[in-house]
Number of protein chains: 2
Amino acid sequence: MKRPTIDDVARQSGFSLSTVSLVINDRGYVSAETRRKILEVVGRLGYHPTRSARGLASRTSGNVGFILTEDHFSQAEPFYTRIFLGTEFESRNFHYYILLTTVPSVGSHIETPRFLLERHVDGVIIAGKVSHKLIEHVESFGVPIILVDYEVKRRRYSAVLIDNRAGAHLAVRHLLATGRSAIGFLGGDIDHPSIAERLEGYREVIAESGKEELISTAETETRSANGFSAMQDLWNRGVRPDAVFAANDAMAIGGMQFLKQQGVRIPEDIALIGFDDIDTCRVMDPPLSSIRVFKEEMGRIAVQRLVDMITAKTTTVVTTHVPVELVVRASSAPIEVDVGAPGQPSLQA
Amino acid sequence: MKRPTIDDVARQSGFSLSTVSLVINDRGYVSAETRRKILEVVGRLGYHPTRSARGLASRTSGNVGFILTEDHFSQAEPFYTRIFLGTEFESRNFHYYILLTTVPSVGSHIETPRFLLERHVDGVIIAGKVSHKLIEHVESFGVPIILVDYEVKRRRYSAVLIDNRAGAHLAVRHLLATGRSAIGFLGGDIDHPSIAERLEGYREVIAESGKEELISTAETETRSANGFSAMQDLWNRGVRPDAVFAANDAMAIGGMQFLKQQGVRIPEDIALIGFDDIDTCRVMDPPLSSIRVFKEEMGRIAVQRLVDMITAKTTTVVTTHVPVELVVRASSAPIEVDVGAPGQPSLQA
DNA sequence: TCAGCTTCTCGAAACGTTTCGATCGCTAAG
DNA sequence: CTTAGCGATCGAAACGTTTCGAGAAGCTGA
């Protein structure tokens with residue numbers, strides 16, 4: 001009871017190996033009649049080509065590598081995880097599988113992902129901030145690369161990026177529109193292009209409005225604990241903000257914890273808005289306003305672009321900016337208006 | 001500038017293909033001197049065997065399949081995702097890659113995962129509740145299988161399970177210990193073995209304590225929205241609970257939203273505890289007590305067991321029950337004691 | 001009529017490994 | 001002194017595809 005091979009199909013259909021192969025791959029010239037007969041045998045035998053054999057002969061693996069730093073991977077905040085899931089989902093449509101691997105975080109030595117050594121991937125997705133050395137190293141294996149949520153200035157790589165500037169504009173304009181005037185920025189890890197862009201966006205709108213900047217970017221990471229410290233920093237200066245735009249939701253969460261601990265009321269005394277729109281936003285009390293980032297969508301686009309690069313052999317560099325969306329929840333409600341019962345289950349997605 | 005093959009290593013070292021292969025796979029009899037020489041050439045050339053060729057010749061893929069229903073996959077609650085990440089992490093230690101695929105949820109027709117058709121995996125991990133037909137179908141491909149967080153009564157499969165009963169005992173005993181007396185159970189999807197066991201555990205402790213059962217299991221799913229309805233149901237009966245044990249955190253979250261909306265104070269009027277200990281618990285207000293499930297650990301164990309089965313060719317059925325842990329937060333604080341400022345950043349992990 | 005396409009099919013050569021005997025010299029057991 | 005067994009190495013045969021080049025047959029236009 002062995003599995004049928006392409007030989008069996010050839011023998012039973014009366015055609016040669018090569019012709020069967022052409023039919024299976026839907027390539028070259030094959031008469032309709034021949035195709036029909038061969039497919040009939042394929043169906044009857046339940047034949048399906050074997051990946052390894054196909055890979056060996058055609059020098060393709062049918063896999064795509066996904067590289068993530070250990071930091072991002074182990075982070076509780078499921079941001080990159082969502083992007084990864086998006087790639088997983090989309091890759092099915094192109095008959096690829098995703099091989100995930102983590103690499104030591106920025107600064108450490110480079111460890112070559114095994115899937116590159118084994119020629120086990122046809123292209124690579126790199127998500128988040130990684131060392132440039134690593135990117136160049138991956139490149140040296142001659143596979144197409146696409147970056148997600150990261151950019152390299154010196155050299156142009158295809159990338160899928162968040163429209164951070166637009167998002168920051170939305171957030172800050174929203175805070176201004178609700179009547180706030182002293183608007184702070186809760187930042188950290190300012191080296192990350194995404195964070196830097198959010199800060200720029202903030203600055204642009206603040207400048208335009210004639211208000212004063214109120215910025216904290218001393219923290220080196222953008223986790224919840226850093227948000228706590230950053231908010232503390234911001235709160236104990238001369239000017240107290242009546243609204244804060246956080247570089248991401250994790251920081252906003254930490255910031256909210258600090259404010260609650262101080263007995264500051266949200267949104268009555270201070271409005272708060274984050275960035276990313278992670279799931280947690282909805283269950284917080286008050287629910288956290290945020291800039292929605294379509295994380296799964298970013299993963300999907302990355303796969304589409306990468307498959308383009310793999311199949312078309314094109315070397316064109318394509319940068320895609322994925323739009324964002326303002327999601328208003330109770331944490332940034334206008335001061336005057338009744339906010340509604342806190343903790344009410346939000347109807348928005 | 002081609003990559004070196006095993007041929008190159010053989011030629012340059014002066015030994016045969018077979019001997020080089022033996023050295024690379026660390027198998028069979030090779031003298032220390034020969035090994036040294038060959039490894040020297042391997043190092044010098046930067047040789048690394050190609051997966052496809054190896055796979056073809058040895059009939060192994062070096063991959064492990066991970067099957068998840070679409071429901072579980074797209075669920076916001078990152079429970080199975082964490083298990084998946086655990087498998088990802090552990091698989092590196094065994095030089096395997098994980099291929100994730102989703103299947104239509106229970107009830108639909110069976111769609112054979114492509115990695116099985118292509119002989120692209122050496123074993124399969126199935127997570128969560130799936131149809132028995134699917135399991136049998138996967139089995140028919142002759143690869144080892146391990147279930148995670150699911151059991152089949154009729155037939156014994158190796159499985160990695162949560163110690164749900166013990167968890168339920170911990171939760172309910174904890175509620176009793178804090179002075180609560182009318183303890184409710186917020187359930188749903190009672191067909192799921194894990195949920196059923198949590199209910200059983202609840203019942204056992206309640207019976208032992210001489211109190212009365214107060215159970216809602218009408219809901220068919222265990223999402224947040226169902227928790228909202230189930231709590232509503234429980235709340236509007238004759239006896240009002242002063243503590244509730246929810247079948248999982250998602251339901252507890254929904255329940256909490258309902259209670260807040262009613263103006264019920266937590267934990268003063270009612271204590272609440274969930275199950276799973278998802279990340280969200282910590283940022284809720286009040287932070288939600290829960291039974292911690294070591295999700296990544298479950299994934300790791302699954303990989304270890306599966307690799308055992310793949311390499312040792314053993315057919316022994318091994319069931320592992322992963323212990324759980326009680327995590328007390330403000331939502332289940334005793335009535336008398338001062339709870340501390342709400343929303344205070346919890347120091348526990 | 002003939003050269004030059006196009007359509008269709010096939011044989012054979014890769015692709016880069018593992019694995020299965022076979023051989024050979026040496027040592028230990030009988 | 002045999003003989004069995006082990007350590008070390010090798011040649012050759014898989015493993016199951018894709019791909020390349022060639023050839024036959026039919027059609028088209030000059």
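Computed from a prediction, not measured in an experiment: that's the story for all the values here. Chain letters run A, B, ... following the sequence lines, proteins first and then strands; every chain starts at 1.
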(Q) Once you measure the plane-to-plane angle for A:His120 and B:His120, does it fall in the parallel (<30°), tilted (30-60°) or perpendicular (>60°) bin? (A) perpendicular
**Request:** For the pair B:Phe66 and B:Phe84, name the ring-plane relationship: parallel under 30°, tilted 30 to 60°, perpendicular over 60°.
**Result:** perpendicular
The helix from C:dT1-D:dA30 to C:dG30-D:dC1: angle between terminal helix axes, five bp per end, to the nearest 10 degrees, reads 40°
So which protein N/O to nucleotides 9-11 of chain C N/O distances come out below 3.5 Å?
from   : atom 1 : to      : atom 2 : distance (Å)
C:dT9  : OP1    : A:Ser31 : OG     : 3.4
C:dT9  : OP1    : A:Thr34 : OG1    : 2.4
C:dT9  : OP2    : A:Ser31 : N      : 3.1
C:dT9  : OP2    : A:Thr34 : OG1    : 3.2
C:dC10 : OP2    : A:Ser16 : N      : 2.9
C:dC10 : OP2    : A:Ser16 : OG     : 3.3
C:dC10 : OP2    : A:Thr19 : OG1    : 2.9
C:dG11 : N7     : A:Ser18 : OG     : 3.0
C:dG11 : O6     : A:Ser18 : OG     : 2.8

What contact category does A:Arg27 fall into here, base, sugar-phosphate, or nothing, at under 4.0 angstrom with non-hydrogen atoms? sugar-phosphate
Discussion item. Counting the atoms with a prime plus P, OP1 and OP2 as sugar-phosphate, which does B:Thr5 contact under 4.0 Å by heavy atoms, base, sugar-phosphate, or nothing?
Written reply: sugar-phosphate
Taking only residues two or more places apart in sequence, or in another chain, which ones meet [X] in a salt bridge (Lys or Arg N to Asp or Glu O under 4.0 Å)?
X	result
B:Arg154	B:Glu136
A:Glu70	none
A:Asp189	A:Lys129
A:Asp7	none

**Q.** Ion pair A:Glu296/A:Arg300, N-O distance below 4.0 Å
**A.** no
Whether B:Arg36 and B:Glu33 form a salt bridge (side-chain N of Lys/Arg under 4.0 Å from carboxylate O of Asp/Glu) is what I want to check. yes
Taken in chain and number order and not counting sequence neighbours, the residues that satisfy ring-ring contact (aromatic ring centres under 6.0 Å, His included) with B:His137 are B:Phe141
Residues pairing under salt bridge (charged side-chain N to carboxylate O under 4.0 Å, His left out) where one sits in residues 12-26 of chain B, two or more places apart or in two chains, turn out to be B:Asp26-B:Arg35
B:Asp122 meets the side chain to side chain contact (heavy atoms under 4.5 Å, CB included) criterion, sequence neighbours left out, with B:Thr60, B:Ser61, B:Tyr96, B:Ile310
side-chain hydrogen bond (donor to acceptor under 3.5 Å, both in side chains) filter on A:Arg155, not counting sequence neighbours, yields A:Glu139
For B:Val20 and B:Ser13, the nearest pair of non-hydrogen atoms, with its separation, is CG2-OG, 4.3 Å
Numerically ordered, the residues 49-62 of chain A set in heavy-atom contact under 4.0 Å with DNA chain C is A:Leu56, A:Ala57, A:Arg59
So the contacted stretch of DNA chain D, first to last nucleotide with an atom under 4.0 Å from a non-hydrogen atom of chain A, runs from D:dG16 to D:dT19
